[in-house]
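From a predicted model like this one, the values you see are computed outputs, not experimental measurements. Numbers restart at 1 for each chain; the letters A, B, ... are given by sequence-line order, proteins then strands.
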Number of protein chains: 2
Amino acid sequence: MPPVDPARERTDKHDLILDAAIDVFAEKGFHHARISDIARRAGVADGTIYLYFRNKDDVLLTIFEEKMGILIAGVRVALEGITDPMQKVRVFARYHFRQVEDHRALAEVLQIELRLSNKFLKEYRPEKLWEYLGVFATIVREGQEGGVIRPDLDPFVLMWAFFGALDEIAMQWVLAKRRDKFSLEATADTVADVFIRGMAGMEPTAGSEPSRPRTVEET
Amino acid sequence: MPPVDPARERTDKHDLILDAAIDVFAEKGFHHARISDIARRAGVADGTIYLYFRNKDDVLLTIFEEKMGILIAGVRVALEGITDPMQKVRVFARYHFRQVEDHRALAEVLQIELRLSNKFLKEYRPEKLWEYLGVFATIVREGQEGGVIRPDLDPFVLMWAFFGALDEIAMQWVLAKRRDKFSLEATADTVADVFIRGMAGMEPTAGSEPSRPRTVEET
DNA sequence: TTGGCGACTGAATGGCGATTCAGCCGCTTA
DNA sequence: TAAGCGGCTGAATCGCCATTCAGTCGCCAA
């Protein structure tokens with residue numbers, strides 16, 4: 001029986017190639033990955049990839065766009081219903097690291113390979129990344145409006161600093177031989193905790209509980 | 001008159017090529033940079049580069065090794081004589097950003113291009129980077145021993161977090177079209193300040209002033 | 001003056017792998 | 001049954017550079 005829905009079939013192959021590409025890029029790096037490697041892993045012919053993507057760069061770009069879109073949607077859901085900005089910071093950190101943990105190969109590609117060339121960092125403006133980071137900047141701004149975060153701190157600087165911290169740690173985790181050497185979740189709490197204390201501005205308004213951060217060691 | 005010292009002459013060409021390579025890598029990216037580009041900019045023949053370096057990768061690696069060595073020596077000098085760990089954190093951040101500002105092309109190469117492939121992050125262990133970061137970890141450890149930094153924080157996690165924060169901000173600065181859009185020095189103070197407060201374990205010793213950080217917009 | 005040497009040159013080589021495209025296959029429709 | 005078509009194939013092409021190496025140049029020592 002032929003595929004009931006050709007569009008569905010099409011989508012399948014598109015995803016099949018992307019997933020294969022994530023694995024191959026993670027394993028060999030973008031430049032050392034051959035189109036034929038991706039094709040073989042996806043179980044299609046080399047030429048088929050060009051029916052779905054303009055070229056090799058386009059494959060990488062598409063991975064970024066599609067996966068970041070999922071990430072952004074996910075973090076918004078994770079933050080839903082939380083009102084305390086400080087708690088939001090902690091949830092953001094945990095969410096970020098959980099994604100890294102659950103999608104190791106993807107994390108590797110995004111972290112290492114996307115920083116790979118001018119193509120992706122100079123010419124190409126990663127809107128999706130900004131959108132993701134913007135979620136954090138918004139948390140900071142809300143915290144400042146609510147009086148729990150010092151108003152003299154620039155939300156954008158904090159956003160970059162926080163993301164940089166998470167990203168660097170994730171990078172080390174990804175690169176580490178023994179992935180179990182340290183727990184990303186505990187680390188998320190440590191980082192969130194340092195930022196929370198560092199950003200805290202004044203006595204929290206009565207009613208919004210202080211949400212004392214837990215540290216890694218603390219029980 | 002022939003060069004008095006042949007070794008000196010040799011060194012000159014070695015450096016000439018490295019400096020040219022830094023410019024070219026920064027401009028076009030490692031993979032799009034051609035050996036002939038470097039040669040032309042250095043004013044030597046293509047083949048000459050192979051008299052001084054094993055291959056193209058070796059040129060990049062050498063840039064990293066040599067320049068990181070200078071960076072490490074420099075930060076140690078900058079920290080000399082400072083005893084307050086918190087002050088050291090601030091000086092570290094300022095030093096880091098000053099280097100980025102003063103050696104824009106180099107910063108671009110180290111930040112963007114060194115993250116470029118498995119070659120440099122998986123197979124190659126950047127000892128020099130660890131040595132540089134280790135300086136920060138030592139500051140933290142000393143602060144913990146002196147009782148000014150909470151002892152429950154892992155120095156290595158802090159080290160990565162702090163470096164990640166600095167690095168991400170530097171990256172944004174390097175990528176920014178308008179380099180004068182924000183001052184790296186003011187930003188250094190903001191980041192250092194957040195970390196200092198975040199790591200602080202007890203009432204600051206009398207005498208160490210809180211040093212309110214400036215924000216980007218603030219003049 | 002000649003021979004030899006080290007530093008340097010830059011055109012030619014060679015390999016690699018992204019991209020192309022002529023054609024196949026299986027299904028649908030007339 | 002035949003013609004048409006969309007999706008797919010994968011071997012051949014082709015451009016791009018990193019790397020090589022035969023040869024040049026200037027200098028010195030014999």
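- For the pair F30(B) CZ and dA18(D) C1', the computed distance is 10 Å after rounding to whole Å.
- The interatomic distance linking Y50(B) (OH) with dC17(D) (P) rounds to 13 Å, in whole Å.
- A salt bridge between R41(B) and D37(B) is absent, with no side-chain N of the basic residue lying under 4.0 Å from a carboxylate O of the acidic one.
- Between dC8(D), dT19(C), dC17(D), one nucleotide has an atom nearer to the side chain of K56(A) than all others, and that is dT19(C).
- Residue I38(A) contributes atom CD1, which lies 12 Å from atom C1' of dG17(C) at whole-angstrom precision.
- The distance between atom CZ of F53(B) and atom P of dT20(D), rounded to the nearest whole Å, is 16 Å.
- Between the P atom of dA7(C) and the OH atom of Y52(B) lies a distance of 7 Å, rounded to the nearest Å.
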Audit row: Y132(B), F92(B), ring pair (Phe, Tyr, Trp, His ring centres under 6.0 Å) steps and yes/no:
CA-CA 10 Å; Y132(B) 183 61; F92(B) 191 107; 5.2 Å; yes

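- When the nearest nucleotides of DNA chain C are assigned to G43(B) and R34(A) by heavy-atom distance, the more 5′-ward of the two goes with G43(B).
- Side chain of V44(A), nearest nucleotide from dT9(D), dA18(C), dA18(D): dT9(D).
- How far CZ of F136(A) is from CG of L166(A): 8.0 Å, rounded to the nearest 0.5 Å.
- Considering only side-chain N and O atoms, K13(B) lies nowhere under 4.0 angstrom from the phosphate OP1 or OP2 of dA7(C).
- Proximity note for A45(A) (side chain, C-beta onward) versus dT9(D), dT20(C), dT19(D): the nearest is dT9(D).
- With no hydrogens or angles considered, a side-chain donor-acceptor pair links R90(B) and Q87(B) at under 3.5 Å.
- The NE2-C1' distance, from H31(A) to dC17(D), rounds to 14 Å in whole Å.
- Using cut-offs of 30° and 60° on the angle between ring planes, the pair F156(A) and W130(A) is tilted.
- Atom pair I17(A):CD1 and dT9(D):C1' shows a separation of 13 Å (rounding to whole Å applied).
- Listed nucleotides dC8(C), dT19(D), dT19(C) differ in distance to D46(A); the shortest reach to its side chain belongs to dT19(C).
- Between D37(A) atom CG and dG17(C) atom C1' the separation is 10 Å, expressed in whole Å.
- Listed nucleotides: dT9(C), dG10(D), dC8(D). Nearest to the side chain of L51(B): dT9(C).
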